[in-house]
Each structure stands twice: as C-alpha cells, then as structure tokens.
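Just so it is clear: chains get the letters A, B, ... in the order the sequence lines come, proteins before strands, and each one is counted from 1. Just the heavy atoms: all of them, side chains too, but no hydrogens, waters or symmetry mates, feed the values below.
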Amino acid sequence: VMIVCQIVGFLGSGKTTLLVQLGSELGKEGKKVAIIVNEIGEIGVDGAVIDSFGFQSVELTEGCICCTLAGSLQNTLKIISKEYQPDLIIIEPTGIALPNIIKKMVRIAMVGEDAMYTIGIVDAFRAEKLFKEAETYCRTQIDGADIVAINKIDLIDNGVRDKVSDLVRNITPKSKIVFISAKQAQGLESLLELLREAS
Amino acid sequence: MSEDTKKMANTGAHGMKLTFHAHPSIPSDEFVSLIEGLLNSVGDKVNEMGKVLIGHAKTFITTPHGTLKVNLIDTDLGAETLNRLSTPEVEEGEMKFMCVLMGLSDHEVEEIMEGSLENLKGRMELMIEEHEHEHQHENHEHQHDEHEHQQ
C-alpha cells in the first residue's frame, strides 16, 4: 500500500514543522516515508531543515509544483515510488500552491498510489490578517481538504480559536478540523491516524 | 499548466547560499542574536517600504557543531528560532537564506535580503555561492553568474 499526502498551507503556516513531526512518528513505527519538498526560490531552505532531522528529502526549487514544476513533480514521484517503494510519500508544496492541481498532477503521474490525502494547515495566529491580505489563496488551499489542521494554538486564546474554526468551517464544511501546535507536537493524533490507517 | 502561481499571487522570491567565517569566533548567544537581527531587518525593510510582511523569510545555518533555524513570518511575533548549536562559539558555517514576500518583485526581495546581510559584515566574512540568475531589473538588463562572490 502506498499513500500520497500533501500538506498545503500559506507561507509560514507551519508545513515543514508538521511534516517533520508526522514523518518522525511514522518513521518510528517502521513506515517508509519519502518526502518531496518544493520551494519557489532558486535556493531552498526547507530541504536542509528536513534533512537535519534525519530524513532524505527531494527538493524541487525555483518554481511551483502545481504549475512550472509540474513535470518535475511527476518524474520525482515515479522515481521515488519505483526505487524506494515507500509506504507514504509526503509532499510539501510552496506556500502559494493550489492543492487541487497537485492532486490532479499526482493522479496523472500514475504511480499506483492507493490513496491521496490533503492536509490543509491554517496559521491561527495570523488567520485574520492572512484571510484579509490573501483571501483567495487561503480559501483555495483548504477548500476540500481531508483534514484542516488549525495550527499554532499555543499562541491564541479560545476566542480566536472559535473564530478561526468558524472561518474554516464556512469555507470547507465537509473537512475534519483538528487543532494542533506542530511546534509543540500537540494534537497530531488525528493526522497520524489518517496516515496510519491508510498505510 | 500554463498558470504561474507565483505571478498569480504577486509574489517575489529570492534565495541564496552563503558560507561565513568569523575571526574572532562569535559567542553562540551573540551569533543567534545576529541571525535573528538579520531576519527582523527583513521585516523592518518591508515596513519601511510602507508594506506589511505577508510571506516568509527564513534561514538555516549548518556549522560543524550543529544547526540554527530562524524564521520570520510576522513582524509582531518577531523572529522564531530553533537553536541546535552545541558549541559555545561559532566560527564558520553555511547559511541558506530565502524570502518569499507578497506584493514585492524578485528584485525588491533580493535587495532587501542583501541590505539585511550588511548588518552581519562587521562580525563575519560572507561569501555568496550558487548565485546565478538572469532577470530584467526596472531600469536595466542584469545578468550575472557569481560563484564565490565576496560580500
């Protein structure tokens, strides 16, 4: 069984931190986890961060895998699935990627995945500001996600938490919502369950 | 796909890889403060342009004795640091530094980053590596390939 999971969220929402936490937990349980990380600049930072936690990631830079680097994503998926045969491939796109297009790109790559999941991540601390300044992206990135993780709950009070939860619920009513602090490894169980059950 | 999300999001980005050498070596606490200052300077420069920082400025530093990760995503929150340096002093290492900022061009982001790096020069020697690009600036064509470009 091979699962593909993308962790999608706006710039600075905590994708890399969440990826490291999920990858570490599943790795400890014996799952073979492969990581594809995409950065829009010509020199990436996230790949080095991920590798420093003991993973070996494939970093695709200087473009976005939902548009200019779509071909690179498909080739990388094919190589990883054939040569490494992972239980789980986690994709971390750029913070301005569109998840529905990535989903389509993965399907077209025909790497034989048994399921594909989308985890949308929302920065609760900055949600109000971001939805004001970059509403289209913030909405598109979580709409239709299997799970929306409202992150950085260690930085907000219950009032903000309720507001952000309502905001997310209005955008994507069918998505499961979980509250997490990726930095403090809190609330990750639902996300781990999704990936454990699948793989 | 013909759509380019970077253009759609009106986002500028730039990344660079540097090596640094400090003589004399820098106490770790001071080194962390310097790098946090580098990131906070990016936020300050965006604010000086009359804009709000919407995006991500980040750096990851590898030394022979551990790593340092510093992010800036919100100027109110300030730089966020993950310090895994295991030595009391830092002498040399490699730095990856990148910014993705909405409402700015690639060139503006590059200038902000280069301006912010100026603050480090009093304490360390910086060498930019793998800095290759070809793009059109506002008033002139600009093409260069700078390996080991000394700052």
Under 4.5 Å between side-chain heavy atoms, counting indirect links through other Ile/Leu/Val/Met/Phe/Trp/Tyr residues: same cluster for [X] and [Y] or not?
| X | Y | value |
| --- | --- | --- |
| A/Ile119 | A/Leu167 | no |
| A/Met116 | A/Tyr84 | yes |
| A/Leu188 | A/Val122 | no |
| A/Val148 | A/Tyr137 | no |
| A/Met105 | A/Ile7 | yes |

Checked B/Ala57, B/Gly103, B/Gly55 vs chain A; the most non-hydrogen pairs under 4.5 Å come from B/Gly55
With chain A, the option among B/Val109, B/Asp74, B/Thr67 that has the most non-hydrogen atom pairs under 4.5 Å is B/Asp74
Check this for me: [X], atom [atom1], are more than 12 non-hydrogen atoms of other residues, nucleotides or ligands nearer than 6.0 Å?
| X | atom1 | value |
| --- | --- | --- |
| A/Lys132 | NZ | no |
| A/Glu29 | CD | yes |
| B/Asp29 | CG | no |
| B/Met49 | CE | yes |
| B/Glu92 | CD | yes |

With heavy-atom distances below 4.5 Å as the criterion, would you say the side chains of [X] and [Y] are in contact?
| X | Y | result |
| --- | --- | --- |
| B/Arg84 | A/Ser52 | yes |
| B/Met8 | A/Leu98 | yes |
| A/Phe10 | B/His56 | no |
| B/Leu77 | A/Leu155 | yes |
| B/Ile54 | A/Leu130 | yes |
| A/Lys183 | B/Glu80 | yes |
| B/His14 | A/Glu42 | yes |
| A/Cys66 | B/Thr5 | yes |

Between A/Ala97, A/Gly63, A/Gly44, the one whose heavy-atom pairs under 4.5 Å with chain B are most numerous: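 Looking at each option in turn, the highest pair count goes to A/Gly44.
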Which of A/Gly95, A/Gly12, A/Gly41 touches chain B most, by non-hydrogen pairs under 4.5 Å: A/Gly12
Heavy-atom proximity to chain A below 4.5 Å, by part of [X]:
| X | result |
| --- | --- |
| B/Lys69 | side chain |
| B/Met102 | side chain |
| B/Leu101 | neither |
| B/Thr62 | neither |

With a 4.0 Å cut-off, would you call B/Lys58 and A/Glu39 a salt bridge?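 Here B/Lys58 pairs with A/Glu39 in a salt bridge, since their nearest N and O are under 4.0 Å apart.
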Spacing of [atom1] belonging to [X] relative to [atom2] belonging to [Y], to within rounding of 0.5 Å:
| X | Y | atom1 | atom2 | value |
| --- | --- | --- | --- | --- |
| B/Leu53 | A/Lys129 | CG | NZ | 7.5 Å |
| B/Ile128 | A/Ile43 | CD1 | CD1 | 10.5 Å |
| B/Asp4 | A/Thr68 | CG | OG1 | 5.5 Å |
| B/Phe60 | A/Thr16 | CZ | OG1 | 11.0 Å |

If you compare all heavy atoms of A/Val45 against all heavy atoms of B/Thr59, which two are closest, and at what distance to 0.1 Å? CG1-C, 4.2 Å
If every non-hydrogen atom of A/Ile40 is compared with every non-hydrogen atom of B/Met98, which pair is closest and at what distance?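 Looking at all heavy atoms of both residues, the closest pair is CG2-CE, 4.5 Å.
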Quick one: what part of A/Lys152 sits under 4.5 Å from any heavy atom of chain B, side chain, backbone, both or neither?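 The answer is the side chain of A/Lys152.
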Under 4.5 Å from a heavy atom of chain B, the part of A/Thr17 involved: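 Contact with chain B is through the side chain of A/Thr17 alone.
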Is there a donor-acceptor pair closer than 3.5 Å between any side-chain N or O of A/Arg126 and the backbone N or O of B/Ile73?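 Side chain of A/Arg126 to backbone of B/Ile73, a donor-acceptor pair under 3.5 Å: yes, one is there.
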